[in-house]
Amino acid sequence: MLELNPTELTERENYKLLIGSIIPRPIAFVTSMANDGTVNGAPFSYFNVVSSNPPMISLSIQRRDGALKDTAKNILENREFVVHIVDEDNVEKVNETAATLKPDQSELKKANLTPVKSDTIEVPGVKEAKVRFECKLVQAIELGDNGKIGTDLLIGKIRNYHFDSKVLIDGKIQYNELKAMSRLAGSDYAKVGDILSIERPK
């Protein structure tokens, strides 16, 4: 086995080891709203479930040269956001939103994604997603080292679910209809692929 000490590696080297090893990662496409009403959209793969009682999810958004990204800034200021599950049908449009735009430019317009009104928050979702969660920020944690903040860990409580009728049947998610995509490293993504069922021991 190769042994590496993370303190002896650069930030980029640690990043490459983590995103290449911790795979596949679910992708959250997140919409948020700036104070001027601009709707921001961006994908994040540092994302997961943290609780089902209450239903809560986490987003980890890395800063750029110490500065907040638009999504994190919007969420911290307005405490609302929508998380969408990225699927095979919308992954290319979502990838378009990863481009760096000015804060007053909407990635949704660039990617031809359709805003749709939310029920419990002001931030709109996007019509093209088969699954979306309306979220309220409940906790924000600044993460860093040596006095430098490098990441914003945001925990949101789900206020409302939206599911395509083909995806949710009798209370169960149909994986073959959702066709969720996951993130690998570099320019690589992965589909769900083969499913293996293993019963838990009693």
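Along the sequence shown, the residues carry numbers beginning at 1.
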- Query: Tell me, which pairs form a ring-ring contact (aromatic ring centres under 6.0 Å, His included) where one or both residues lie in residues 24-71, sequence neighbours left out?
  - Reply: Phe29-His84
- Query: Would you say the side-chain atoms of Thr120 and Arg159 include a donor-acceptor pair closer than 3.5 Å?
  - Reply: no
- Query: Rounded to the nearest 0.5 Å, how far apart are CD of Gln62 and CG of Leu153?
  - Reply: 11.5 Å
- Query: Is it true that atom CD of Glu177 has more than 12 heavy atoms of other residues, nucleotides or ligands lying nearer than 6.0 Å?
  - Reply: yes
- Query: Atom NZ in Lys179, atom CG in Asn176: separation rounded to 0.5 Å?
  - Reply: 8.0 Å
- Query: Under 3.5 Å, is there a donor-acceptor pair linking the side chains of Asn40 and Asn74?
  - Reply: no
- Message: Do Ile121 and Lys136 make a side-chain contact, defined as non-hydrogen atoms from C-beta onward lying under 4.5 Å apart?
- Response: yes
- Item | Ser51 side chain vs Pro54 backbone, donor-acceptor pair below 3.5 Å | yes
- Asp87 side chain near Glu128 side chain, heavy-atom distance below 4.5 Å: no
- With hydrophobic residues grouped by side-chain heavy-atom distances under 4.5 Å, do Val30 and Leu113 end up in a single group? no
- Message: Show the nearest heavy-atom pair for residues Ala34 and Asn78, with the distance to one decimal.
- Response: C-ND2, 4.1 Å
- Same hydrophobic cluster for Val126 and Val39, using side-chain heavy-atom links shorter than 4.5 Å among ILVMFWY? yes
- Item | Approximate separation, where rounding is to 0.5 Å, of Met33 CE and Ser106 OG | 9.5 Å
- Item | Heavy-atom pair with the smallest gap, counting every atom of Ile27 and Ser182 | CD1-C, 3.7 Å
- Message: Glu122: which residues meet the salt bridge (Lys or Arg N to Asp or Glu O under 4.0 Å) condition with it, sequence neighbours left out?
- Response: none
- Item | Any side-chain heavy-atom pair of Gln105 and Lys110 under 4.5 Å | no
- Query: Are side-chain N/O atoms of Thr38 and Asp104 paired as donor and acceptor at under 3.5 Å?
  - Reply: no
- Applying the 4.5 Å side-chain criterion to the ILVMFWY set and letting contacts propagate, would Val167 and Val83 be lumped into a single cluster? yes
- Salt bridge or not for Lys130 and Asp89, using N-O below 4.0 Å? yes
- Measuring from Asp164:CG to Lys127:NZ, what's the distance to the nearest 0.5 Å? 11.5 Å
- Task: Look at Arg63 together with Asp152 and state whether they make a salt bridge at an N to O cut-off of under 4.0 Å.
- Result: yes
- How about Glu134 and Ser118: do any of their side-chain heavy atoms sit closer than 4.5 Å? yes
- Item | Whether over 12 other heavy atoms sit under 6.0 Å from Asp170 CG | no
- Message: Looking at every heavy atom in both Ile85 and Ala180, which two are closest together, and how far apart are they?
- Response: CG2-CB, 4.1 Å
- Nearest heavy-atom contact between Pro124 and Thr31 is O-OG1, 2.8 Å
- Of the non-hydrogen atoms in Pro103 and Asp70, which two are nearest, and what is the gap between them? CA-OD2, 3.6 Å
- Task: Flag the pair Ile61 / Thr151 as yes when at least one side-chain heavy-atom distance between them is below 4.5 Å, and no otherwise.
- Result: no
- Task: Sequence neighbours left out, what pairs pass ring-ring contact (aromatic ring centres under 6.0 Å, His included) with at least one residue falling in residues 141-183?
- Result: Phe133-Tyr161, Tyr161-Phe163
- Item | Closest approach of Leu137 to Ile75 (non-hydrogen atoms, all atoms of both residues) | CD2-O, 3.8 Å
- Query: Can you tell if the side chain of Ile57 reaches within under 4.5 Å of the side chain of Ile155, non-hydrogen atoms only?
  - Reply: no
- Query: If only atom types and distance count, is the side chain of Arg132 paired as donor or acceptor with the main-chain N or O of Val82 below 3.5 Å?
  - Reply: no
- Criterion side chain to side chain donor-acceptor pair (under 3.5 Å) on Arg183 and Ser45, from CA distance to verdict: CA-CA 7 Å; Arg183 196 73 172 88; Ser45 65; 5.3 Å; no
- Task: Report yes or no: do Leu59 and Val94 belong to one cluster of Ile/Leu/Val/Met/Phe/Trp/Tyr joined by side chain heavy-atom distances under 4.5 Å?
- Result: no
- Message: Count I, L, V, M, F, W, Y as connected when their side-chain heavy atoms are under 4.5 Å apart, and connections chain through other members. Are Leu184 and Tyr189 then in the same cluster?
- Response: no
- From Cys135 SG over to Lys157 NZ, what is the distance, rounded to the nearest 0.5 angstrom? 11.5 Å
- Would you say Gln174 and Lys166 make side-chain contact, with heavy atoms under 4.5 Å? no
- Query: Are any of the side-chain heavy atoms of Ile158 and Met56 separated by less than 4.5 Å?
  - Reply: no
- Query: When rounded to the nearest 0.5 angstrom, what is the spacing between CD in Glu107 and OG1 in Thr100?
  - Reply: 9.0 Å
